[in-house]
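Let me begin by presenting the structure, written as structure tokens, before commenting on it.
Numbering of ligands and ligand atoms starts at 1, following listing order. None of the values given here were measured: they were computed from a predicted structure.
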Amino acid sequence: MDWETLKATCLQCTMCPLCQTRHNVVFGVGPTDAEILFVGEGPGEQEDLTGEPFVGPAGKLLDDMLRIIDLGRHNCYIANIVKCRPPHNRDPLGTEQDACIGYLRRQAKLLNPKIIVCLGRIAAMKLIREDFKITRDHGTWEQKGGIWFTAMYHPSALLRDVSKRPDTFRDLKRLQAKAAEICTHTP
Ligand code: URA
């Protein structure tokens with residue numbers, strides 16, 4: 001399946017009940033040759049209203065975080081574990097994640113990124129390890145299927161708790177070093 005077919009299929013998805021309350025499917029954005037894929041949890045209110053990932057307050061902070069290491073929407077792909085907003089921003093249920101994860105897996109296959117960065121525990125538990133503990137394991141790296149995986153705190157968590165920001169600064173610098181080591185057209 002190519003990008004256009006995948007997106008068109010995803011935009012019409014009715015595989016879980018989140019389709020009943022969504023305004024827009026938030027498919028993901030970024031260049032299709034991006035070497036780094038960021039994965040959040042699921043759309044919030046602003047994302048649901050616009051169809052774009054990370055455009056609300058957490059998204060503004062994500063943009064600031066990326067800018068520190070010369071990354072941005074022009075050279076990264078940004079997506080979520082679930083493409084439709086869970087009501088009241090609750091965590092996506094396991095059944096919703098399972099219904100949706102095939103889209104992300106197809107996106108990752110088409111993109112073929114060198115690095116996948118999980119934003120927060122939901123993405124890390126789904127993509128890295130079920131027993132991933134974000135407070136313990138953020139900033140660690142592991143290679144699976146030829147792709148390097150890491151996780152950092154979700155920007156929403158950094159908005160709520162600024163004491164987590166120094167750790168995230170270190171995690172960003174590690175990401176920058178890994179990108180310099182293995183990426184060919186990312187700073
Ligand atoms: N939080 C997420 O996890 N994803 C978004 O797209 C926005 C907020």
(message) Give me the nearest non-hydrogen protein atom to atom 2 (C) of ligand 1 as residue plus atom name, then the distance to 0.1 Å.
(response)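 Of every protein heavy atom, Gly42 O, 3.0 Å lies nearest to atom 2 (C) of ligand 1.
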(message) Below a 4.0 angstrom heavy-atom separation, can you tell me which part of Glu41, side chain or backbone, both or neither, approaches ligand 1?
(response)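 It is both parts that get close, each with some atom under 4.0 Å.
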(message) Test side chain to side chain contact (heavy atoms under 4.5 Å, CB included) on Arg165 and Val162; report intermediate values, then the result.
(response) CA-CA 5 Å; Arg165 291 188 184 196; Val162 293; 3.7 Å; yes
(request) Scan side-chain atoms only and decide if Gln107 and Lys83 contain a donor-acceptor pair under the 3.5 Å cut-off. (result)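 Side-chain D/A pair, Gln107 to Lys83: present.
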(request) Using distance alone, with no hydrogens and no angle criterion, decide if Asp171 and Thr168 have a side-chain donor and acceptor under 3.5 Å apart. (result)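 Side chains of Asp171 and Thr168: no pair found under 3.5 Å.
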(message) So for ligand 1, is His154 a polar contact partner (N or O within less than 3.5 Å, distance only)?
(response)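 Yes.
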(request) Give the atoms of ligand 1, by number and element, whose distance to some non-hydrogen atom of Pro53 is under 4.0 Å. (result)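 Those of ligand 1 that fall under 4.0 Å from Pro53 are 6 (O).
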(message) I'd like to check which ligand 1 atoms, numbered from 1 as shown, lie under 4.0 Å from a non-hydrogen atom of Gly40.
(response)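 In order of number, 3 (O).
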(request) Answer yes or no: is there a donor N or O on one side and an acceptor on the other, between the side chain of Glu41 and the main chain of Asn80, under 3.5 Å? (result)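 Checking the backbone N and O of Asn80 against the side chain of Glu41, no donor-acceptor pair under 3.5 Å is found.
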(message) Less than 6.0 angstrom from the centroid, inside 45 degrees of the normal: does Lys114 satisfy that with respect to the ring of Trp148?
(response)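 No cation-pi geometry.
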(request) Determine, using heavy atoms of Asn80 and all atoms of ligand 1, whether some pair is separated by less than 4.0 Å. (result)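 Under 4.0 Å: yes for Asn80.
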